[in-house]
Participant: 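Take a look at the following structure, please.
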Protein chains: 2
Amino acid sequence: MTSVEGSKYMLKKRITLKDIARETGVHVSTVSRALDPVECKHLTEEVANRIQSAAKTLGYRPNRIAAGLRTNRTMTVGVIIPDITNVIFPPILRGIESVLEPLGYASIIVNTDSDPEREERLIDVLRDRGVDGVIHAAVLRNDPAIAKAADDGLPVVTLNRKVDGSPIPSIVNDDDSGICQMLRHLRDLGHTRIAHISGPQDLSTGQLRLAAFRRAADDMNVAVNDELIEVASRFDEAEGARCLLNLLAKGKPFTAVLCANDRLALGAIEALRERSIGCPGQISVTGFNDMPFLNLVQPQLTTVRIQQFGAGKAAAGVLLQLLNGDSSAPRETILPVELVVRNSTGSAPEIPASVLPKPNDPAGAIQQ
Amino acid sequence: MTSVEGSKYMLKKRITLKDIARETGVHVSTVSRALDPVECKHLTEEVANRIQSAAKTLGYRPNRIAAGLRTNRTMTVGVIIPDITNVIFPPILRGIESVLEPLGYASIIVNTDSDPEREERLIDVLRDRGVDGVIHAAVLRNDPAIAKAADDGLPVVTLNRKVDGSPIPSIVNDDDSGICQMLRHLRDLGHTRIAHISGPQDLSTGQLRLAAFRRAADDMNVAVNDELIEVASRFDEAEGARCLLNLLAKGKPFTAVLCANDRLALGAIEALRERSIGCPGQISVTGFNDMPFLNLVQPQLTTVRIQQFGAGKAAAGVLLQLLNGDSSAPRETILPVELVVRNSTGSAPEIPASVLPKPNDPAGAIQQ
DNA sequence: GATATTTAAGCAATCGATTGCATGAATTTG
DNA sequence: CAAATTCATGCAATCGATTGCTTAAATATC
């Protein structure tokens with residue numbers, strides 16, 4: 001026994017094609033063919049069987065690194081997301097996996113933290129590793145790095161956002177329809193003064209949903225008052241609360257707040273609770289996304305359910321088409337969304353809460 | 001222009017060492033050395049600089065696949081988890097990434113869904129891809145597949161559980177101390193009749209925390225009544241609710257329920273709310289893990305905060321030691337936990353709720 | 001100043017699988 | 001039955017980087 005064999009982490013020798021060739025007395029190329037489901041049809045059945053059973057008994061496992069070097073296909077895709085700890089991404093990843101894993105693909109997931117420099121570096125990391133394609137679920141409205149990679153010929157699919165003026169296929173949820181359905185729901189409950197807490201405008205969903213809100217309100221003849229639109233600087237609870245307090249401070253009456261996502265809505269509800277303003281009694285609040293655990297918080301949030309798993313599946317499907325050189329891959333896939341009515345929305349009250357006297361302002365706000 | 005060049009997804013030709021060699025008039029091996037921070041010291045400074053700048057201007061990016069084939073190191077690690085959509089895993093992954101990514105490692109994450117067959121297959125997938133090591137955060141108490149892989153010489157670190165009688169290094173949170181601190185907290189509030197909703201006994205955390213509960217109760221002279229222990233068959237809200245109702249149905253008095261994780265606790269609280277039993281007024285409830293968004297549900301859950309990011313970091317650190325052949329890697333790392341007191345726990349009431357008349361049982365339960 | 005030593009750079013094998021082409025045997029065809 | 005065709009298999013180059021060994025030049029030593 002040599003000292004090397006005694007090393008603690010000495011991997012057991014892997015079986016290679018060469019080993020099988022030696023064992024069966026044929027050439028490695030014949031072994032390679034015998035183990036390829038297509039090529040093996042060109043071999044004598046007896047030889048193919050002999051090789052296959054030898055491979056099995058020896059415990060052969062193909063070395064994908066070696067195959068990848070030769071074929072220039074690694075059977076690996078890169079998945080770029082802002083942050084895996086954001087609850088909307090894990091289901092997307094499972095959706096991607098559900099399509100690609102059965103076909104022998106693995107994915108390398110990287111988190112950009114929405115930092116363009118980091119993203120650029122990570123794209124290089126993925127390319128160094130020879131990924132066959134990339135699914136890009138970042139959120140910034142423009143990112144030159146991925147467009148450049150696509151330009152270089154790397155197959156790319158974007159998820160939840162489009163890159164303007166680029167031929168990169170995209171998968172998006174129908175935000176437009178979701179906002180529209182939600183606004184209709186509120187109007188049907190009698191609300192006419194509807195505020196909006198929008199997401200950051202440098203994020204595609206932030207911008208898209210604000211634009212959708214304006215458009216939907218216009219279509220439905222709901223008056224949009226710019227004073228009733230607050231723009232959050234992050235998609236989180238603290239910003240939701242801050243924006244809601246800003247809305248109240250303006251003294252403009254409103255009976256409902258349509259928020260650009262669930263976390264903003266949860267923050268808004270929290271702020272209402274602290275001010276002892278009833279939800280949905282005095283002000284209705286709505287979210288967007290239908291994130292997990294929403295059923296646990298009171299009041300349960302009325303929201304728009306978007307497809308996460310489904311979006312991942314769709315993105316993987318389109319990427320596969322690109323990988324197979326199928327030029328009929330759709331440029332844009334729009335997934336339907338679903339209104340989920342729970343109990344954070346109710347009929348509009350006669351008198352908007354925002355004009356009632358506030359606890360710390362006995363004179364009350366002046367209604368314009 | 002040939003037809004091949006016209007193909008839609010023709011990758012731009014990659015720059016290789018050979019290209020740089022041709023450009024600079026040296027041999028590829030010299031180029032290879034010039035670009036290796038250690039080896040380049042053996043070269044004339046002038047030559048090294050010339051090659052390095054040529055590499056930069058040509059936009060050279062090393063092909064890790066080729067390097068991996070030759071060196072048998074892919075700079076890739078496998079991470080095996082039950083399910084990425086379980087909120088405790090994403091922070092662990094970020095913790096792993098925080099250590100490995102700066103060193104040039106990438107990770108391939110696979111979800112087992114706690115299915116041993118799937119796990120076995122996925123371990124093979126990782127090995128086929130030549131991962132340098134594996135971090136195994138599965139939850140089943142015994143899994144032969146990973147032990148076998150470790151036996152074959154693959155560097156493995158387990159996270160959140162130990163494999164009995166195996167030399168595989170493990171990272172665990174101090175469940176024992178967490179349960180103990182929690183029990184002390186309840187006792188300090190005056191609780192003496194404390195129920196336990198345990199997790200599934202085929203999962204390591206389920207078993208560990210139940211054992212810890214018995215031991216802690218023993219140490220603290222809190223009487224443990226087996227009738228006040230319910231074993232959930234899954235770690236979810238529905239099971240938490242079911243177990244709590246079972247406890248109530250037994251008619252044994254108790255004023256607090258220590259649950260083996262947050263989701264069981266949330267389910268228990270939900271069940272109490274439906275029965276109009278006050279929490280913490282009549283029954284205190286505690287969780288374990290401190291998952292995200294707990295601050296949004298009322299009452300806010302008293303729980304034990306475990307390190308997730310930290311556990312990932314620690315696991316990656318130990319794996320690195322293994323990869324570098326450092327034999328001083330700790331066999332076991334136990335991370336400290338922290339009691340987080342919120343408002344689902346309060347002083348023990350005089351009369352346990354479980355012996356008060358139930359709404360649907362006016363006669364009341366008989367106290368034994 | 002001749003030999004020994006250090007140093008820089010080139011040579012070529014190697015990792016394991018794939019694949020176009022060559023070869024020789026078996027089969028078909030005229 | 002000879003020529004043509006088909007077919008199964010072998011041969012060898014290839015993918016791109018790494019690395020032990022060799023060579024040749026430069027420097028040091030006696």
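From a predicted model like this one, the values you see are computed outputs, not experimental measurements. Labels below follow one simple rule: chain letters A, B, ... track the order of the sequence lines, proteins then strands, and each chain is numbered from 1.
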Participant: Base, sugar-phosphate, or nothing for B:Ser32, non-hydrogen atoms under 4.0 angstrom?
Facilitator: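 Counting heavy atoms under 4.0 Å across all strands, the contact made by B:Ser32 includes a base.
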Participant: Rounded to whole angstroms, how far apart are CD1 on B:Ile15 and C1' on D:dC15?
Facilitator: 16 Å
Participant: For the pair B:Asp128 and B:Arg121, find out whether any cationic side-chain nitrogen is under 4.0 Å from an anionic carboxylate oxygen.
Facilitator: no
Participant: Check every strand shown and say whether B:Ser29 touches a base, only sugar-phosphate, or nothing at a heavy-atom separation below 4.0 Å.
Facilitator: base
Participant: Is any side-chain heavy atom of A:Arg127 closer than 4.5 Å to one of B:Arg61?
Facilitator: no
Participant: For B:Asn63 and A:His42, take the nucleotide of DNA chain D holding the closest heavy atom to each; which residue's nucleotide lies nearer the 5' end?
Facilitator: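 Residue closer to the 5' terminus by nearest nucleotide: A:His42.
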Participant: How is B:Val31 classified with respect to the nucleic acid when contacts are heavy atoms under 4.0 Å: base, sugar-phosphate, or nothing?
Facilitator: nothing
Participant: Can you see if the side chain of B:Thr44 gets near the phosphate of C:dA9 - specifically, an N or O under 4.0 Å from OP1 or OP2?
Facilitator: yes
Participant: Could you tell me whether the side chain of A:Asn111 reaches within less than 4.5 Å of the side chain of B:Glu101, counting heavy atoms only?
Facilitator: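 Contact flag for B:Glu101/A:Asn111 side chains = no.
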Participant: Given atom CG of B:Leu43 and atom P of D:dA24, what is their separation to the nearest angstrom?
Facilitator: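 Roughly 19 Å, once rounded to whole Å.
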Participant: Taking atom P of C:dA9 as reference, at what distance in whole Å does atom CD of B:Glu39 sit?
Facilitator: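 Computing the B:Glu39:CD to C:dA9:P distance gives 13 Å.
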Participant: For a quick check of understanding: with a heavy-atom distance under 4.0 Å over all strands, which category does B:Arg33 fall into, base, sugar-phosphate or nothing?
Facilitator: base
Participant: D:dT18 P sits how many Å from B:Leu69 CG, rounded?
Facilitator: 11 Å
Participant: Taking the minimum atom-to-atom distance to the side chain of A:His27, which one of D:dA17, D:dC11, C:dG16 wins?
Facilitator: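 Among the listed nucleotides, the one closest to the side chain of A:His27 is D:dC11.
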Participant: For B:Val47, report the nucleic acid contact type (base, sugar-phosphate, nothing); a contact means any heavy atom under 4.0 Å.
Facilitator: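 Sugar-phosphate contact only.
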Participant: Give a yes or no on whether a salt bridge exists between A:Lys148 and A:Glu119, defined as a side-chain N under 4.0 angstrom from a carboxylate O.
Facilitator: no
Participant: Start at the 5' end of DNA chain D and walk down; is the nucleotide closest to A:Val28 or to A:Ala48 reached first?
Facilitator: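 Residue closer to the 5' terminus by nearest nucleotide: A:Ala48.
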Participant: Could you work out which one of D:dA17, C:dG10, D:dT14 sits closest to the side chain of A:Arg70?
Facilitator: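 Taking heavy atoms from C-beta onward, the closest nucleotide is D:dT14.
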Participant: Taking only the side-chain heavy atoms of A:Thr71 (C-beta and beyond), determine which of D:dA17, C:dA17, C:dT18 contains the nearest atom.
Facilitator: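 Of the candidates, C:dT18 comes closest.
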Participant: Write down the distance between CG (B:Asn72) and C1' (C:dA17), rounded to a whole number of angstrom.
Facilitator: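 Checked: the CG to C1' distance equals 15 Å.
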Participant: If the test is side chain to side chain contact (heavy atoms under 4.5 Å, CB included), which one of A:Ile146, A:Val157, A:Ile123 qualifies with A:Val134?
Facilitator: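 Going through the options one by one, the only one that passes is A:Ile146.
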Participant: Starting at atom CG of B:Asp19, determine the distance to atom P of D:dA17, rounded to an integer number of angstrom.
Facilitator: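 Answer to the nearest Å: 9 Å.
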Participant: D:dG16 P sits how many Å from B:Leu35 CG, rounded?
Facilitator: 16 Å
Participant: Starting at atom CZ of B:Arg73, determine the distance to atom P of C:dG16, rounded to an integer number of angstrom.
Facilitator: 17 Å
